Number of protein chains: 2
Amino acid sequence: MFNYEQYCTRMNKKQDVPKPLPWDNPRFKNWVAMMRAEKAVGRALSRALAPLDLKIAQLDAMINLYRHPGQSQHDLARRLLVGRSNITMLLPQLETQGLLRREGDRKDKRVMRLYLTDEGEKKLMQALEVYTALIDRVLNQSTPEQCDMMGDMMRRITEMLKED
Amino acid sequence: MFNYEQYCTRMNKKQDVPKPLPWDNPRFKNWVAMMRAEKAVGRALSRALAPLDLKIAQLDAMINLYRHPGQSQHDLARRLLVGRSNITMLLPQLETQGLLRREGDRKDKRVMRLYLTDEGEKKLMQALEVYTALIDRVLNQSTPEQCDMMGDMMRRITEMLKED
DNA sequence: ACAATATTGTTCATAGTTGAACATTTTTTT
DNA sequence: AAAAAAATGTTCAACTATGAACAATATTGT
């Protein structure tokens, strides 16, 4: 349990009453650092993907579609942690570029099965090259073991918030 | 330098030509895990802040304003890694709630100096309690040392992308 | 079989984000 | 001092994200 009073870094000048700032809380402080890094990399990736005419959201979707071909829009939405309407708006962009194929499920007329086209896979490979190059660059001072440890932390978090 | 052919996890059934998937690249794989965790926590935080009538972007701004009182909108934009127009649109929300005070700089008539009001600081403390409670919960299986190590990785990344 | 409930994907209104163009003011150059 | 360049904050148009309401289809309970 987090103890609110425990992490006080500044004093109120007027009354010397502690101003609680959780900046000494290692979990909080480092989480904030992570948010910043994620944002910075996101901006860099965004620019790096521009020549391929791809947005990050589109790339995320394509990565998922490659790993789980034939999944429904509902499945994809859950994996990407977005709403279904988001997927509805996202897919036409990929479809008109010929990167994606949608087939109505035969048994269940409500669901659409999603597949990358060959062209989609080719584009994905180009994008992954850009993506991995960027990640390798920014993480090249960190060992694979450190990355694994960080990834384990993150997977535990995702698992813990799974129910929501 | 990233070696494209090094990370191949799946074979193409038709031709047995390796399909390059960087899933075995520890840096890439764990980065993706981080993106997911960050999104999951973001959604949880968003809901947790709703009773306080605060958005995450607003909280981020308030945290920065608390740590760097009197900074300009330009400074705030750079710290938050967003454009200046974003700040222009964000601040009125805080100002009309009485959480923020803007003063024109005396020497430079272009810049606005930003300060949290007392009410703003009070609201911030409430929000931080919610925030730290969530972070402590999702990271409570990770030791402070692990969190510090992760934070160091992240600060190196942010530093590396500073120039952009 | 029939009604009630749940699921899937779409639509729509609202709100958030972005970058370019702009007005104002300051700094630098000539 | 005058002109050119840069910095700061605003406006605007385009794009993206979100959740609620909805239509169509499936599943469950009686």
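Everything numeric in this text was worked out from a predicted model, so none of it was measured. Lettering follows sequence order; numbering is per chain, from 1.
- When each of A:K39 and A:V111 is assigned the nucleotide of DNA chain C with its nearest heavy atom, A:V111 is the one assigned upstream, toward the 5' end.
- One interatomic measurement links the two molecules: CZ of B:R84 to P of D:dT10, which rounds to 10 Å at whole-angstrom precision.
- When rounded to the nearest whole Å, the span between CG of A:L90 and P of D:dT18 equals 11 Å.
- No hydrogens or angles were tested; on distance alone, nothing pairs the side chain of B:T88 with the base of D:dG9 as donor and acceptor under 3.5 Å.
- Atom pair A:K109:NZ and D:dT27:C1' shows a separation of 15 Å (rounding to whole Å applied).
- Look at A:K55 and you'll find a side-chain N or O under 4.0 angstrom from OP1 or OP2 of D:dT16.
- Distances from the side chain of B:R43 to the nucleotides D:dT18, C:dT26, D:dT25 place D:dT18 closest.
- Rounded to whole Å, atom P of C:dT8 lies 13 Å from atom CD1 of A:I87.
- A donor-acceptor contact under 3.5 Å is formed by the side chain of A:R110 with the base of C:dT7.
- In this structure, the CE atom of A:M112 is 16 Å from the P atom of D:dA24, given to the nearest Å.
- With contacts defined as side-chain heavy-atom distances shorter than 4.5 Å, the pair A:C147/B:M153 qualifies.
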Worked check of side-chain contact (heavy atoms from CB on, under 4.5 Å) between A:R137 and A:L134: CA-CA 5 Å; A:R137 180 163 75 88; A:L134 174 62; 3.9 Å; yes
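- Checked for salt-bridge contact, A:K107 and A:D105 miss the test: no charged N lies under 4.0 Å from a carboxylate O.
- Mapped onto DNA chain D by nearest heavy atom, B:S85 and A:N86 fall at different nucleotides, with B:S85 at the one closer to the 5' end.
- The residue B:R102 sits close only to the backbone: its heavy atoms come under 4.0 Å of sugar-phosphate atoms, none of a base.
- Between the C1' atom of D:dT25 and the CZ atom of A:R106 lies a distance of 18 Å, rounded to the nearest Å.
- OP1 or OP2 of D:dT16 has at least one side-chain nitrogen or oxygen of A:Q93 nearer than 4.0 Å.
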Distances under 3.5 Å only, N/O to N/O: pair up the protein atoms with those of nucleotides 1-3 of chain C.
none

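- The heavy-atom pair separating A:D148 from B:P26 by the smallest distance is OD1-CB, 3.8 Å.
- Within the nucleic acid shown, A:Q58 has no heavy atom closer than 4.0 Å to any nucleic acid atom.
- No side-chain donor-acceptor contact under 3.5 Å links B:K29 to the backbone of A:G151.
- OP1 or OP2 of C:dT10 lies within a sub-4.0 Å distance of a side-chain N or O belonging to A:Q73.
- Closest to the side chain of A:D108, out of D:dT25, D:dA6, C:dG9, is D:dT25.
- Listed by chain and residue number, A:W23, B:Y131 satisfy the ring pair (Phe, Tyr, Trp, His ring centres under 6.0 Å) test with A:F28 (two or more places apart in sequence, or in another chain).
- Taking 4.5 Å as the limit, every side-chain heavy atom of B:D152 sits out of range of all side-chain heavy atoms of A:Q146.
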